[in-house]
Each structure stands twice: as C-alpha cells, then as structure tokens.
Chemist: 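My questions all concern the structure below.
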Amino acid sequence: MKIKVIEKPYEEVMAMKPFKNRRPERQGVFWRWLLKTLSAPELKKVSFHVEKNGMEKLGKDEPALYLMNHSSFIDLKIASTVIYPRPFHIVCTLDGFVGKENLLRKIGCIPTRKFMTDTALVRDMVHTVKNLKESILLYPEASYTFDGTATPLPESIGKAVKMLGVPVIMIRTYGAFLRDPLYNNLQIRDVKVTADMEYVLSSEEVKEKSVEDINAIIGKRFEFDNFRIQKEQGIKVTEPFRADHLDRVLYKCPHCMTEGRMKGEGIKLTCMSCGNVYEMTELGEMKTVEPADMKVLGPGEGNAVEERLIDKDAAKGESSLEFTHIPDWYAWERSEVRREIEEGIYEMTLDVDIYALVNTDAVYKIGEGTLTHNIEGFHLTGCNGKLDYTQSPEESYSLYSDYYWYEIGDMISIGTPRIQYYCFPKVPANVAKARLAAEELWKISSNKGKE
C-alpha cells in the first residue's frame, strides 16, 4: 500500500489549514457487505475460522466496544467478517485517510493520531455509541507488534471503557503475525489464520468495576507470544525468506554487544561485526550455526535476563549470552536500552528526510534534517533552519515507529495534533530501539511524576 506524497517547502505546508474533524456518520449496510465480501478471498486462502465465546449475551442491536490485537493488514478483514452484519466504526490513524477521506468515512473509519492526546477521538467515540447506536472497533495497542508479543496499552483504556458504558468484546487472532510479520517487508507466508471472539464485560459490569479492575481484565487478554504459540503448536514457516530484515527487531548482537551490524537474510541472521551466525528455524526459534562458547537461554527466561547480563568488562568483548526465543532477545535489548538511559549515555542522532501531515490531502515532503533522541526526549531540526521541534519523554507512553511505512522506508513519527513529522533515516537505523527508549523514558518520567 502506498500513500500520496507531494513535495512542498516547509513554510507553505505550515501555512495550510489544518485537518478539521467531522463527526462519524452511520455505516450503511452496503459498506458492511462490501468490506466482508472483499475480505472473503484472503480469509478463504488462510482457511480462516472463528471461535465465539459468550457472544449470545450481546443484544441484537446493542452497540459494543470491540478490542483487537494488532498483527498485520489482515486484521481489518477478520474484523469485518466476524462483526458482520453489525455496524461498526474503526478507529484509524489519520495518515490512513490521506487521499481517501470520504471513502473511509463511508466505510465507518474514525480518524486519530497515534500516541497523542486526542480529545476529538473521545467525542467521536461517545457520539458513535450514544447517538448512532453503533459499535466501535479499537486496536488499543495502536501499532503493530515488532517481536510478536503485546505492545504497551494506554492507561486510559479503562477510562474510555467506563465513559462509553457498552459491553466489551475481545477479538484475538492467531497466525496473523506469523503470516505477515511487520519486519519481513510484506512478504506473505503460508500460515493458517484463526481468531476467537470473547464477550468480556457487560455494560453492567463496566459500570460496577473500577478503572483499575477494567485495565487489569483487558491487560490480561492482551498477553500473548506468537513465537511461543508457534513452537508449542508446531506451526512451521518454511519460506526461505523468513529471516529477511529480522535485524530490524534483533539489532544488537548478544555475543559481541555491537549494534546496527546484524543482517537478516534468507533464513539466517548474521553479525557483520563478530561473524556469529544464527538460523531462524521453521518453528521460529534461533539457533547458532557457528556456535561460540555461549550460555543458551530458552523460551521464558528472557524476563529474568537482567540478572544474567555479563559484567561491564565482558561487555567490551564477548558475551556469554545467546537467545533461542526472539521475544527474549528483544526483551534483553530493552534492558540494554534501559541501562543506557539510567547511565545517562543513551543517544541516537539520525540524518533524516522529513515528511509532514497537516491534512488528508497528502503527506508533504518538506526537506531534510537531523533527529536526535536522548534522555531529554526528541529534537528535530531541519528544512534549512526553519524547523525546530522538541518533544519531551512524558508526552507519550510509546512511539509511532514503523518498518517500510507505506513502502517509503523505516520511520519515526513525532509531533502534535496540528502537525505530525515522519522522519526517514537516510541510512539504516534502529527505529525499534527508538520505540523501546521512548517507552522506557516514559516509564521513568511517569514514576517520577507519581513520586
């Protein structure tokens, strides 16, 4: 999928009228039928089926809040099929509206801006369930998972559920991530996809329970590990490109501790610094092809990985760590980012191409610049000295970063409801590390605020 791009000077883009929101309109029967019909061929190809639990509790014309985990592009096709024939409105990132706003509104989409306070979204959701009496489909994770496990949920989700006051339904997919993981550059694998649909909370339970209890209930439903499920169920991914671009996720070598020198190609992940080679097996595990003297950590041991780190002197040379489970490797990278932050040495400076979103007519390429991320937050400068934007760590609990965004490239997005900046590194960079750092910085700033 591509997006409309127009090259314009920074000052012209800043002078444009910003996006003006409109209230959601009813989703017509035709559009519901069309979404389901267009989804059918791909779902048939993956032998899709859904298991429903407690759905008889939902009234025939009762609106609900559908929460769904976010794995790949097939998610919407699944939702359009399992929710049918009920009318529903999809909370969708604003860049998805570019060049097709009228169509998306007919389909039932509600625009929002990822990882920003969006009061217009709150009003639109309330209007949808209270006035239109129609349901809402929300991906509370907001972004696709990088490592196949759940991404952080906003603490405000419980407040939103209380405010809407409608039943909560969970749609959880299986196989969608394995079929089309974000890191793999839209290369589709031959994997069966299924889902379950669970009635989680009634409107009465929503009223009775506290925000904290609702957050805990929803958080429990969003605990998953796609690679662990793959191993336990013996799901084989046999495609010869399954490790292509895996370095986007596993960017740091646990042997020599070097970053940015991993290369995922074919079925192998190679450290171009120390030469260690790992193979991604058909069951999604990593095994050393040219083993060194390492300690192997199996699935589930990543949670305690901080206690298994080598000492600081060893960090300068070779590590005794090796990971067989990809999420454990990713969790270790998170702990390494946290260590850098706590030691005050975390910093990422990137030369970037800068795009901007101010309305839904196009995404505007406005120039070049430098993006810096450190313990103070983000600092973006460029466009011949005209752009100077800062964003503190406490402004968002996560970061909108993406791989191969609209087939342009890997991207980091920051900004305000007035204007969003999409920064594309000129040379390969760890946008995953930037997301991890943003999340850890927010945790630290949030805890300081509570103290």
Side-chain angles (χ1 to χ4, degrees), residues 3-24 89-102 104-105 109-127 138-139 142-143 154 156 160 350 352-373 376-402 405-406 408 411-425 431 434-435 438-439 441-442 445:
I3 195 168
K4 183 180 179 181
V5 175
I6 297 176
E7 192 165 344
K8 276 186 179 292
Y10 170 78
E11 55 270 26
E12 286 188 28
V13 173
M14 290 301 295
M16 292 179 175
K17 290 183 178 180
F19 171 73
K20 186 175 182 180
N21 192 44
R22 308 198 317 252
R23 280 191 169 182
H89 295 255
I90 314 143
V91 177
C92 173
T93 182
L94 184 62
D95 52 59
F97 280 65
V98 170
K100 48 185 180 295
E101 181 179 352
N102 289 334
L104 263 64
R105 288 193 177 278
C109 294
I110 301 174
T112 190
R113 299 160 182 81
K114 289 187 178 183
F115 305 117
M116 296 183 192
T117 300
D118 192 346
T119 56
L121 173 62
V122 175
R123 292 193 297 268
D124 286 347
M125 291 174 67
V126 171
H127 171 72
L138 177 66
Y139 301 104
S143 285
S156 59
L350 306 170
V352 295
D353 289 317
I354 307 170
Y355 293 60
L357 178 68
V358 295
N359 53 45
T360 59
D361 294 337
V363 172
Y364 300 97
K365 186 175 182 180
I366 58 175
E368 302 176 337
T370 301
L371 177 67
T372 301
H373 192 212
E376 302 298 325
F378 286 100
H379 187 197
L380 176 63
T381 58
C383 302
N384 299 317
K386 297 173 182 134
L387 171 60
D388 191 334
Y389 173 75
T390 58
Q391 183 169 300
S392 64
E394 56 267 24
E395 288 188 46
S396 182
Y397 69 92
S398 189
L399 173 69
Y400 186 11
S401 59
D402 210 338
W405 188 80
Y406 288 101
I408 298 174
M411 173 278 294
I412 294 171
S413 177
I414 55 177
T416 68
R418 168 66 177 83
I419 182 168
Q420 289 174 259
Y421 301 105
Y422 298 84
C423 305
F424 296 86
V431 302
R435 182 196 277 188
E439 291 170 357
L441 283 165
W442 183 84
S445 64

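All of these numbers come straight from a predicted model, not from anything done at the bench.
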Chemist: Please table the atom pairs, donor to acceptor, closer than 3.5 Å between any side-chain atom in residues 93-100 and protein atoms at least two apart or in another chain.
Modeler:
| from | atom 1 | to | atom 2 | distance (Å) |
| --- | --- | --- | --- | --- |
| Thr93 | OG1 | Asp95 | OD2 | 3.3 |
| Asp95 | OD1 | Tyr406 | OH | 3.0 |
| Asp95 | OD2 | Tyr400 | OH | 3.0 |
| Asp95 | OD2 | Tyr422 | OH | 3.2 |
| Lys100 | NZ | Gly96 | O | 3.2 |

Chemist: Provide the closest heavy-atom pair for Cys383 versus Ile354 in the form atom of the first, atom of the second, distance.
Modeler: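 Shortest heavy-atom contact: SG-CD1, 4.4 Å.
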
Chemist: Side chains of Tyr355 and Leu357, heavy atoms from C-beta outward: is any pair under 4.5 Å?
Modeler: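 A side-chain contact under 4.5 Å is absent here.
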
Chemist: Is a side-chain N or O of Arg105 found less than 3.5 angstrom from the main chain of Arg22, in a donor-acceptor match?
Modeler: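 Side chain of Arg105 to backbone of Arg22: a pair is present.
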
Chemist: Sequence neighbours excluded, which residues qualify as side chain to side chain donor-acceptor pair (under 3.5 Å) partners of Glu395?
Modeler: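 In terms of side chain to side chain donor-acceptor pair (under 3.5 Å), with neighbours along the sequence ignored, Glu395 is linked to Ser392.
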
Chemist: If the condition is side chain to side chain donor-acceptor pair (under 3.5 Å), which residues does Asp388 pass it with, not counting sequence neighbours?
Modeler: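 Residues passing side chain to side chain donor-acceptor pair (under 3.5 Å) with Asp388: His379.
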
Chemist: So Leu121 and Met125, side chain to side chain contact (heavy atoms under 4.5 Å, CB included) or not? Walk me through it.
Modeler: CA-CA 6 Å; Leu121 173 62; Met125 291 174 67; 3.8 Å; yes

Chemist: Can you find a pair of side-chain heavy atoms, one from Asp402 and one from Ile412, that are under 4.5 Å apart?
Modeler: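 No - every pair of side-chain heavy atoms lies 4.5 Å or more apart.
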
Chemist: Could you pull out all residues at least two apart from Tyr389 that satisfy ring-ring contact (aromatic ring centres under 6.0 Å, His included)?
Modeler: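 Tyr389 satisfies ring-ring contact (aromatic ring centres under 6.0 Å, His included) with Tyr421 once adjacent residues are dropped.
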
Chemist: Within this structure, what is the CD1-CD1 distance for the pair Ile3 and Ile408, rounded to the nearest 0.5 Å?
Modeler: 6.5 Å

Chemist: Working to the nearest 0.5 Å, report the span between CG of Asn359 and CE of Met16.
Modeler: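 Answer rounded to 0.5 Å: 6.0 Å.
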
Chemist: For His373, give me all partners under ring-ring contact (aromatic ring centres under 6.0 Å, His included), at least two apart in sequence or on another chain.
Modeler: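 So His373 forms a ring-ring contact (aromatic ring centres under 6.0 Å, His included) with Tyr346, Phe378.
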
Chemist: Once rounded to the nearest 0.5 Å, what's the spacing between atom CG of Leu104 and atom CD1 of Ile90?
Modeler: 7.5 Å

Chemist: Are Ile110 and Pro24 packed together at the side-chain level, in the sense that at least one heavy-atom pair is separated by less than 4.5 angstrom?
Modeler: yes

Chemist: Check Leu399 against Ser413 and note the closest heavy-atom contact, atom names and distance.
Modeler: CD1-O, 3.5 Å

Chemist: Just jot down the side-chain contact (heavy atoms from CB on, under 4.5 Å) partners of Val122, sequence neighbours excluded, or say none.
Modeler: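 Val122 satisfies side-chain contact (heavy atoms from CB on, under 4.5 Å) with Met163 only.
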
Chemist: When rounded to the nearest 0.5 angstrom, what distance separates CE in Met14 from CD1 in Ile419?
Modeler: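 So the gap between those two atoms works out to 4.5 Å.
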
Chemist: Which distance, rounded to the nearest 0.5 Å, do you find between the SG of Cys423 and the CD1 of Ile414?
Modeler: 5.0 Å

Chemist: Of all the heavy-atom pairs spanning Arg418 and Pro18, show the shortest one and how long it is.
Modeler: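 In terms of heavy atoms, the two residues are closest at CD-CB, 3.8 Å.
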
Chemist: When you look at Phe424 and Trp405, which way does the side chain to side chain contact (heavy atoms under 4.5 Å, CB included) test go after all the steps?
Modeler: CA-CA 9 Å; Phe424 296 86; Trp405 188 80; 3.4 Å; yes

Chemist: Let's go through Arg435 and Ser143 carefully: what are the C-alpha distance in whole Å and the side-chain angles of both, what is the deciding distance for side chain to side chain contact (heavy atoms under 4.5 Å, CB included) to 0.1 Å, and is it a yes or a no?
Modeler: CA-CA 11 Å; Arg435 182 196 277 188; Ser143 285; 3.3 Å; yes

Chemist: So which atom in Arg113 and which in Pro417 form the shortest heavy-atom distance, rounded to 0.1 Å?
Modeler: NE-O, 3.1 Å

Chemist: Side-chain contact test, heavy atoms from C-beta onward, threshold under 4.5 Å: evaluate it for Leu380 versus Thr372 and give yes or no.
Modeler: no

Chemist: Excluding sequence neighbours, so at least two apart, what forms side-chain contact (heavy atoms from CB on, under 4.5 Å) with Pro9?
Modeler: Glu11, Glu12

Chemist: Once side-chain contact (heavy atoms from CB on, under 4.5 Å) is applied, do any residues pair with Ser156, and if so which ones, sequence neighbours excluded?
Modeler: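 Ser156 satisfies side-chain contact (heavy atoms from CB on, under 4.5 Å) with Pro154 once adjacent residues are dropped.
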
Chemist: How far apart are the C-alpha atoms of Ser401 and Met411, what are their side-chain angles, what is the distance that settles it, and do they pass the side chain to side chain contact (heavy atoms under 4.5 Å, CB included) test?
Modeler: CA-CA 5 Å; Ser401 59; Met411 173 278 294; 5.8 Å; no

Chemist: Suppose we screen for side chain to side chain donor-acceptor pair (under 3.5 Å). Which residues come up paired with Asp118, at least two apart in sequence or across chains?
Modeler: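 Only Thr112 meet the side chain to side chain donor-acceptor pair (under 3.5 Å) criterion with Asp118.
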
Chemist: So, using side-chain contact (heavy atoms from CB on, under 4.5 Å) as the criterion, who are the partners of Asn384 when residues are at least two apart?
Modeler: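 Testing Asn384 for side-chain contact (heavy atoms from CB on, under 4.5 Å), a comparison that skips the adjacent residues, returns none.
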
Chemist: Can you tell me how far CD of Glu394 sits from CH2 of Trp442, rounded to the nearest 0.5 angstrom?
Modeler: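 Spacing of CH2 (Trp442) from CD (Glu394) equals 11.0 Å.
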
Chemist: Is any side-chain heavy atom of Tyr139 less than 4.5 Å from a side-chain heavy atom of Val91?
Modeler: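 No. Closest side-chain heavy atoms not under 4.5 Å.
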
Chemist: How would you list, by chain and number, every residue that makes a side chain to side chain donor-acceptor pair (under 3.5 Å) with Ser396, sequence neighbours excluded?
Modeler: none

Chemist: Identify, with sequence neighbours excluded, every residue that meets ring-ring contact (aromatic ring centres under 6.0 Å, His included) alongside Tyr397.
Modeler: Phe115

